[in-house]
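Computation of the quantities below employed the complete heavy-atom set of this structure, encompassing side-chain atoms and omitting hydrogens, waters and symmetry-equivalent molecules.
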Amino acid sequence: MIDLTDLRARPEAYQDAAKKKRIAVDVGSFLKLDETRRGLILAIDEMRAKKNAVSKAVPTMKGTEKEKTIAQMKKLGDELKAKEEELQTIEVKFQHTLLLLPGIPLDRVPVGKDDSENVEIRTHGKIPKFAFEIQSHMTIGTNLDIIDVPRGVKIAGSRSYFLKGDGARLELAVLLFTLDHLAKKGFTPFIPPVLANYDALMGTSYFPGGEEQAYAIGVQKEKDGALESDGLFLIGTSEVSVASYHSGETLALEELPKRYCGISNCFRREAGTYGKDTQGLYRIHQFQKVEQVVLCENDPKVSAAMHAEILQNAEEVLQALELPYRVVDVCTGDMGRGQVYKNDIETWMPSRNSYGETHSCSTFYDFQSRRLNMKYVARDGSKKFVHTLNNTCIASPRILIPILEIYQNKDGSVTIPEVLRPYMGGKKIIEK
RNA sequence: GGAGGGAUGGCUGAGUGGUCGAAAGCGCCUGACUUGAAAUCAGGUAGGCCCCCUGGGUCUCGUGGGUUCGAAUCCCACUCCCUCCGCCA
């Protein structure tokens, strides 16, 4: 959520941000709504003040004066109710639109329409050359019997899969390695609820807008089969639960920054992606992820330093796995509503003959913390909204794509990255 | 799934229709006393919104609705928590 005072002061900056982020929202009509709303609040407050004053005096009255006053108040009460209903209608619209207004991207963010206009800022590692004809992770995984898509589809429909045997172990190895790496850096690991309510999804700014990407939880009604909602949703990232951990709280300055990481299954409906990335483990409904979440002081310098830190943590994991990657500045059109700055890390995927997105590092400033009502006591004693940031540290099985493909051998076996071997009982190679 | 109990300020907890945003205690802050601290004493101590903003108004006693001139208090619905029984990883 944006700062209303700031919006009133420079509405054009928000309209510009919406345009650059390709978000359809009319700041001008929102401001008109805001004015109407404030006018109504003023009128209502005045009526209430009168009502309260008279009600206070009623007990001291008697006889006809009392009866007359009560009759007048009844009339005022009716008028008040009508005004309140009017306000309610406007309030709903107001709050809804308020949640749609975007955070303003930093000046350094490249302007662009979609991910094709993201800007590479650095690369790391050499793109491998193979002396033999390479196989895709799907061929490798199927032949080694560590990935089974057909049976996944049998059980859970399209975009489903089984990881099996060393495939399952490899995923856990990569997750545990990452978790250990973050623990060394002082990050507190969380196993969060994977079910979250509307407030958590709204607070992290997935809702409103992202409803169709989330699985809703409920029971099917016997009669018509419609979903009777429990009001809960499966999270698409542990950011939802972990960033909401301190919602409604006021933290002490000394507690900051909070360095947290969530490890969880993540669920995405991938609605509207028919025909996109249908092959393999790139775009699927369920995956596991270690996600970094940071809460820090409301200071652009501090959050910029934290952004660099969590970006580096992820890069270090890729470097340890010896996977080539590049970092891009995400352009305005590919950013979310709330983010002010975002980098993606893309890891080299031989079968795609390109880099594929594996990480996403976002700075929100106070966009999320305003929605989550998450404050801290600043140096001057005032209460301020924290800055929030998050970044993937590893997401699997997507990361298995480069691992299997880059570490594949001519005979169809896969060498296990050295740093993962301790997590697989010292095993060095996955073979038939 | 069955039975019961509960939700009030940072915490404990009083309050069953009118001057209650709310007693008391604890905690915290400020001041006095003290070499310092403790103890003691005095004062202060929720948040949101709106305005003609050194001030004023309004809303909030789990949430939403209702009754009433007036609701923390009465009525209805919902949510969450706790205890016991049953079932269960």
Peer 1: Rounding to an integer number of Å, can you tell me how far A:Leu42 CG sits from B:C52 P?
Peer 2: 8 Å
Peer 1: Check every strand shown and say whether A:Arg370 touches a base, only sugar-phosphate, or nothing at a heavy-atom separation below 4.0 Å.
Peer 2: nothing
Peer 1: On RNA chain B, does the nearest nucleotide to A:Arg8 precede the nearest nucleotide to A:Asp45 from the 5' side, or the other way round? Give the residue.
Peer 2: A:Arg8
Peer 1: Which value, rounded to the nearest 0.5 Å, describes the distance between A:Gln292 atom CD and A:Ile394 atom CD1?
Peer 2: 10.5 Å
Peer 1: Rounded to whole angstroms, how far apart are CG on A:Asn373 and C1' on B:C49?
Peer 2: 14 Å
Peer 1: Give a yes-or-no answer on whether the side chains of A:His307 and A:Asn343 include a donor-acceptor pair shorter than 3.5 Å.
Peer 2: yes
Peer 1: Do NZ/NE/NH1/NH2 and the carboxylate oxygens of A:Arg259 and A:Glu309 come within less than 4.0 Å?
Peer 2: yes
Peer 1: Looking at B:G4, which nucleotide sits across from it as a Watson-Crick or G-U wobble partner, both distances under 3.5 angstrom, or is there none?
Peer 2: B:C82
Peer 1: Rounding to the closest angstrom, what is the interatomic distance between B:U73 and B:U68 at atom C1'?
Peer 2: 13 Å
Peer 1: How many Å lie between NZ on A:Lys375 and P on B:A46, as a whole number?
Peer 2: 14 Å
Peer 1: Please list, pair by pair, any protein nitrogen or oxygen found under 3.5 Å from a nitrogen or oxygen in nucleotides 60-69 of chain B.
Peer 2:
{"from": "B:C69", "atom 1": "OP2", "to": "A:Lys74", "atom 2": "NZ", "distance (Å)": "3.4"}

Peer 1: Closer than 4.0 angstrom, basic N to acidic O: yes or no for A:Glu212 and A:Arg269?
Peer 2: no
Peer 1: Rounding to a whole Å, what distance do you find between A:Leu80:CG and B:C59:P?
Peer 2: 9 Å
Peer 1: Would you confirm whether A:Ser241, through its side chain, and A:Pro193, through its main-chain N or O, come within 3.5 Å as a donor-acceptor pair?
Peer 2: yes
Peer 1: Could you please name the partner base of B:G55, counting Watson-Crick and G-U wobble pairs only when both distances are under 3.5 Å?
Peer 2: B:C51
Peer 1: Provide, to the nearest angstrom, the distance between the CZ atom belonging to A:Arg37 and the P atom belonging to B:U58.
Peer 2: 18 Å
Peer 1: Grab the CG-P distance between A:Leu87 and B:U58 for me, whole Å please.
Peer 2: 16 Å
Peer 1: I'd like to know if the side chain of A:His285 pairs up with that of A:Tyr215 as donor and acceptor (distance under 3.5 Å, no hydrogens or angles considered).
Peer 2: yes
Peer 1: Using a cutoff of under 3.5 Å, can you pull out all pairs of nitrogen or oxygen atoms linking the protein to nucleotides 6-12 of chain B, with atom names and distances?
Peer 2:
none

Peer 1: Would you call A:Glu297-A:Arg379 a salt bridge at under 4.0 Å N-O?
Peer 2: yes
Peer 1: Might you point out which heavy atoms bring A:Ser264 and A:Val194 nearest each other, and give the distance in Å?
Peer 2: CB-CG1, 4.0 Å
Peer 1: Under a 4.0 Å threshold between the charged nitrogen and the carboxylate oxygen, would A:Asp78 count as salt-bridged to A:Lys74?
Peer 2: no
Peer 1: In whole Å, what separates the P atom of B:A46 from that of B:G21?
Peer 2: 15 Å
Peer 1: Take the protein atom NZ of A:Lys83 and the nucleotide atom P of B:C59, then report the distance between them rounded to whole Å.
Peer 2: 17 Å
Peer 1: Which part of the nucleic acid, if any, lies within contact of A:Lys50, taking any heavy atom under 4.0 Å across all strands shown: a base, the sugar-phosphate backbone alone, or nothing?
Peer 2: nothing
Peer 1: Any strand is fair game: report the nucleotide pairing with B:A38 by Watson-Crick or G-U wobble, both distances under 3.5 Å, or none.
Peer 2: none
Peer 1: Look at A:Glu86 together with A:Arg37 and state whether they make a salt bridge at an N to O cut-off of under 4.0 Å.
Peer 2: no
Peer 1: Calculate the interatomic distance between A:Ile44 atom CD1 and B:C51 atom C1'; express it in whole Å.
Peer 2: 14 Å
